[in-house]
Every structure is written in structure tokens, then in C-alpha cells.
Amino acid sequence: MAETLIFSVPKENRAIRYKELVPQISSLLQGEFDETACFANTTAAINEAFSFFWVGFYRVISNELVLGPFQGPIACTRIQKNRGVCGTAWHLDKTILVPDVDLFPGHIACSSASKSEIVIPLRNNQGVVMSILDIDSDKLNDFTEIDQMALELICLHLQKHLYD
Ligand code: SME
């Protein structure tokens with residue numbers, strides 16, 4: 001029986017995939033303004049393109065981050081402000097790229113397989129953080145400025161679409 005092997009895309013080859021992914025996600029969003037539906041398809045599209053270890057959103061609800069749509073293994077459901085990479089990205093209101101999660105003080109290990117991580121906040125038109133995108137890799141130092149630029153662009157599309 002044929003075996004299906006899924007390989008992640010080497011980081012050097014990602015730029016070309018992002019070129020297709022960014023417009024693909026904008027067209028997936030067209031006419032759909034439900035946050036859960038938009039986040040669900042965005043995580044699926046990113047995962048189909050790159051097979052990262054974990055791709056998902058957390059939403060700011062009251063004073064914590066609550067797990068939203070994701071692709072990957074089971075994850076922690078609630079994260080406090082200024083805790084872990086996600087809570088810190090929310091608190092500092094900026095993208096955080098972590099080449100080695102073991103070197104990030106307070107990193108929350110939902111899985112010991114996660115080795116590097118990028119977290120990007122999404123804001124409303126008043127600049128208030130409404131949600132965050134979190135992507136984990138099972139490889140050390142797996143995210144570059146290319147990932148950061150393209151994923152920030154995807155988050156900009158999403159935040160304009162959902163929160164403006
Ligand atoms: N590692 C994150 C927690 C979320 S999981 O990785 C899905 C953090 O430190 O905030």
C-alpha cells in the first residue's frame with residue numbers, strides 16, 4: 001500500500017508559497033465575517049501550505065487569551081496576559097519570534113515537540129489587541145523575517161476584515 005509522507009517546506013523555499021497563500025487567504029475571507037470561520041480556514045490554509053507543528057488563534061476574552069480554531073495537537077485553553085510567548089506578545093503588542101522556546105523565560109510548553117515559535121497580535125481599528133496568531137515548529141530556529149513579513153500581512157488582512 002502506498003504510504004503518504006507529509007514533509008514540511010524548508011524555510012528557504014517558503015517565500016514562493018507565501019506568494020500564493022496571501023491571496024488565497026484573502027479570497028477565502030471574502031463574504032465571511034464570522035471570526036471562527038475565518039480563523040478556521042486560515043489555520044487550515046497555512047497548515048496545507050507548510051505543515052507546521054501547530055497553527056492556531058487565541059482570542060482575547062475578558063482578561064485572558066482563550067483557545068480558538070487551530071490545526072495540530074491539543075493545546076492549553078487559557079493563557080494569562082504577560083504569560084508565555086502568547087501572553088507576552090499580547091502584553092507588548094508586538095510580534096515575537098522565538099528561535100528556541102527553551103530560552104524564552106516562561107514559555108508555556110503545550111507540547112515538548114515544539115522547538116521554535118512565532119506569535120503575531122491582531123488589533124482592532126483603535127489598536128486594541130483582539131486575538132493572536134501562534135505558530136509552532138518542531139524544528140529549532142525555523143522562522144525567519146520572511147515568515148514574519150508574510151504572516152504579519154495575513155494578520156493585517158484578517159484584522160481589517162474582522163475588526164475594522
Ligand atoms: N507556547 C505558547 C502556548 C501556546 S501553545 O504553543 C499552542 C506560549 O508560550 O504562549
Side-chain angles (χ1 to χ4, degrees), residues 6-11 14 17-18 21-22 25 28-29 34-124 127-159 162-163:
I6 300 173
F7 295 102
S8 57
V9 178
K11 59 184 176 186
R14 282 187 199 146
R17 291 274 181 109
Y18 278 121
L21 183 63
V22 174
I25 290 176
L28 278 173
L29 299 179
D34 180 85
E35 196 182 35
T36 303
C38 292
F39 284 171
N41 266 342
T42 299
T43 60
I46 294 173
N47 199 43
E48 276 181 15
F50 298 115
S51 300
F52 287 126
F53 178 72
W54 197 91
V55 181
F57 288 89
Y58 282 87
R59 290 171 305 145
V60 175
I61 297 179
S62 301
N63 211 28
E64 57 189 358
L65 291 170
V66 181
L67 183 62
F70 70 94
Q71 304 266 315
I74 291 166
C76 44
T77 54
R78 285 167 196 267
I79 298 175
Q80 305 307 306
K81 197 168 194 177
N82 211 13
R83 293 292 163 89
V85 185
C86 296
T88 305
W90 174 24
H91 175 67
L92 298 178
D93 188 8
K94 62 177 228 180
T95 297
I96 300 186
L97 205 156
V98 183
D100 180 349
V101 295
D102 288 338
L103 300 180
F104 188 94
H107 168 254
I108 300 164
C110 293
S111 163
S112 58
S114 174
K115 303 289 182 217
S116 57
E117 179 164 0
I118 184 167
V119 177
I120 300 167
L122 282 73
R123 307 161 184 96
N124 67 11
V128 176
V129 176
M130 304 295 285
S131 51
I132 60 108
L133 170 65
D134 177 14
I135 304 185
D136 289 19
S137 170
D138 55 7
K139 295 172 193 66
L140 275 174
N141 196 20
D142 201 23
F143 299 102
T144 68
E145 296 74 21
I146 302 275
D147 297 283
Q148 180 171 346
M149 271 179 358
L151 294 167
E152 282 178 345
L153 190 58
I154 289 168
C155 288
L156 270 178
H157 274 303
L158 271 166
Q159 73 182 38
L162 291 171
Y163 306 134

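Along the sequence shown, residues carry numbers from 1. Order of appearance sets the numbers: ligands from 1, and atoms from 1 within every ligand.
- With sequence neighbours excluded, the residues that form a salt bridge (charged side-chain N to carboxylate O under 4.0 Å, His left out) with R78 are E64.
- Sorted by chain and number, the heavy-atom contacts of ligand 1 below 4.0 Å come from W54, Y58, A75, I79, G84, V85, C86, H107, I108, C110, E117, D134, D136.
- Residue pairs meeting the salt bridge (charged side-chain N to carboxylate O under 4.0 Å, His left out) criterion with at least one partner in residues 139-156, sequence neighbours excluded, are R14-D142, R14-D147.
- The minimum heavy-atom distance linking R59 with L67 is given by the pair NH2-O, 4.5 Å.
- Proximity of the aromatic rings of F143 and F52 is defined here by a centroid distance below 6.0 angstrom, and this criterion is met.
- Rounded to the nearest 0.5 angstrom, L29 CG and L158 CG are separated by 5.0 Å.
- Residues that satisfy the side chain to side chain contact (heavy atoms under 4.5 Å, CB included) test with R123, not counting sequence neighbours, are D93, P121, V129, Q159.
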